[in-house]
Amino acid sequence: TLTETILSRHSQVYAAGELNDLTRVYGLRTQGLEMGFPKPFEAITAEEFRRATASYLDRVRKLAPDSPRITDKMPVNYVMLGLIWATMPGARVIYTKRNPMDVCLSNFTRLFERSQAHSYDLQELGRVYAAHARIMDHWGSVLPDDAFLTLPYDELVEDTEGWTRKMLEHCALEWEAACLSSHEAKRRVRTASILQVREKIYTTSREKWRRYADELEPLRAQLLAAGVVAD
């Protein structure tokens with residue numbers, strides 16, 4: 001949410017938030033049956049891909065017809081990054097990467113509006129994060145450098161201007177100083193980070209998990225076993 005809010009301050013960017021449109025148009029539905037990604041694509045044709053992509057772009061453009069860049073930060077999009085790039089090679093991915101323990105702690109302490117069952121159990125949360133990390137490592141290794149940018153959260157909050165410049169360059173956008181005033185954004189935020197993004201960028205959330213190290217040991221053990229964190 002912080003990354004998107006920084007970008008939203010640019011005059012050429014519309015922040016659309018978390019959209020369900022990609023999963024809808026790529027349907028994850030074959031012959032009337034719900035199927036998990038990527039199973040439906042065994043039967044989809046090239047023409048169906050084109051229609052689905054055109055449908056997504058049409059839906060998104062209607063949100064901001066005059067905006068050259070529109071962001072879609074739905075978390076589940078990470079599963080489909082290869083598909084997104086293959087069908088929309090002009091898309092630019094920004095992966096905000098944070099300390100795994102801090103990410104999982106943030107998830108564990110939130111009661112999400114929609115069920116995120118894995119966030120209620122520390123070991124399961126660790127397994128899901130480890131799977132996520134493997135997938136993101138894969139996308140980072142196979143997608144072109146100009147399509148995929150890893151944005152370290154801890155570095156972003158320390159050097160906001162430097163990383164904001166890198167983000168804008170990645171998106172082929174000119175520098176605008178307003179991006180450094182993310183806390184002044186007036187747009188509606190519907191995620192759990194609504195209060196944080198109204199404040200000036202701060203560093204106090206870094207290594208927050210250490211305050212609860214004993215309680216989080218089952219999570220840390222899981223992430224250590226998966227090689228996601230170091231001992």
Side-chain angles (χ1 to χ4, degrees), residues 1-4 17-20 22-23 26 28 34-42 71-86 91-145 147-158 163 167 170 191-193 196 203-231:
T1 301
L2 173 61
T3 301
E4 185 184 49
E18 298 180 0
L19 301 177
N20 290 308
L22 270 175
T23 51
Y26 285 123
L28 308 199
E34 291 286 353
M35 302 178 69
F37 181 89
K39 191 68 174 178
F41 300 108
E42 293 180 356
T71 60
D72 177 354
K73 65 174 285 286
M74 174 58 74
V76 75
N77 287 350
Y78 84 90
V79 178
M80 299 185 285
L81 292 184
L83 172 65
I84 291 169
W85 184 80
R92 293 295 174 261
V93 176
I94 298 176
Y95 171 38
T96 305
K97 188 173 183 179
R98 190 180 175 191
N99 183 312
M101 291 293 293
D102 283 333
V103 171
C104 292
L105 173 63
S106 179
N107 276 261
F108 188 66
T109 55
R110 294 289 187 276
L111 181 60
F112 291 98
E113 179 184 0
R114 296 180 179 84
S115 177
Q116 300 287 338
H118 64 276
S119 68
Y120 304 145
D121 180 90
L122 289 174
Q123 289 184 310
E124 180 64 10
L125 186 56
R127 285 191 286 268
V128 170
Y129 184 89
H132 162 82
R134 289 195 299 272
I135 292 174
M136 293 307 297
D137 285 345
H138 170 72
W139 295 136
S141 69
V142 299
L143 293 180
D145 291 341
F148 188 98
L149 174 69
T150 297
L151 176 68
Y153 171 84
D154 288 348
E155 294 182 24
L156 172 64
V157 297
E158 283 285 357
W163 278 100
M167 280 197 289
H170 179 66
T191 65
S193 306
Q196 291 94 324
T203 61
T204 53
S205 289
R206 293 187 307 167
E207 300 288 326
K208 185 177 180 179
W209 72 271
R210 294 189 183 279
R211 305 177 200 173
Y212 313 98
D214 291 343
E215 292 84 356
L216 294 175
E217 187 53 36
L219 167 65
R220 182 164 170 78
Q222 191 69 48
L223 295 177
L224 278 168
V228 175
V229 297
D231 198 353

Show me the side-chain donor-acceptor pairs of residues 214-231 shorter than 3.5 Å, one per line, residues at least two apart or across chains.
residue : atom : partner : partner atom : Å
Arg220  : NH2  : Ala230  : O            : 3.1

What residues, two or more places apart in sequence or in another chain, satisfy side chain to side chain donor-acceptor pair (under 3.5 Å) together with Arg127? Glu124

[X]: partners by ring pair (Phe, Tyr, Trp, His ring centres under 6.0 Å), with sequence neighbours left out:
X      : value
His138 : none
Tyr78  : His132
Tyr120 : none

What one should report as the nearest heavy-atom pair of Glu4 and Thr71 is OE2-OG1, 2.7 Å

Please name the pair of heavy atoms, one in His170 and one in Ala147, separated by the smallest distance, quoted to 0.1 Å. CE1-C, 3.6 Å

Does Arg134 have any salt bridge (charged side-chain N to carboxylate O under 4.0 Å, His left out) partners at least two apart in sequence or in another chain, and if so, which? none

Under 3.5 Å, which donor-acceptor pairs link side chains of residues 96-104 to any protein atom two or more places apart or in another chain?
residue : atom : partner : partner atom : Å
Thr96   : OG1  : Thr3    : OG1          : 2.7
Arg98   : NH2  : Ser205  : O            : 3.4
Asn99   : OD1  : Met101  : N            : 2.8
Asn99   : ND2  : Glu207  : OE2          : 3.1
Asp102  : OD1  : Lys208  : N            : 3.0
Asp102  : OD1  : Trp209  : N            : 3.0
Asp102  : OD2  : Glu207  : N            : 2.8

Separation of [Y] [atom2] from [X] [atom1] (nearest 0.5 Å):
X      : Y      : atom1 : atom2 : answer
Asp72  : Leu22  : CG    : CG    : 5.5 Å
Trp163 : Ile94  : CH2   : CD1   : 10.5 Å
Phe148 : Leu81  : CZ    : CG    : 6.5 Å
Tyr95  : Leu149 : OH    : CG    : 12.0 Å

Side chain to side chain contact (heavy atoms under 4.5 Å, CB included) against [X], all qualifying residues, sequence neighbours excluded:
X      : result
Asn20  : Thr23, Arg24, Met74
Phe108 : Leu122, Leu125
Ala91  : Ile84, Met88
Thr109 : Leu105

Scan for salt bridge (charged side-chain N to carboxylate O under 4.0 Å, His left out) pairs involving residues 75-86, sequence neighbours excluded, and state none if there are none. none

For the residue pair Arg110 and Gln116, establish whether any side-chain heavy-atom pair is separated by less than 4.5 Å. no

Any side-chain heavy atom of Val157 sitting closer than 4.5 Å to one from Leu2? yes

Quick check: does any side chain N or O of His118 sit under 3.5 Å from a backbone N or O of Gly126, one acting as donor and the other as acceptor? no

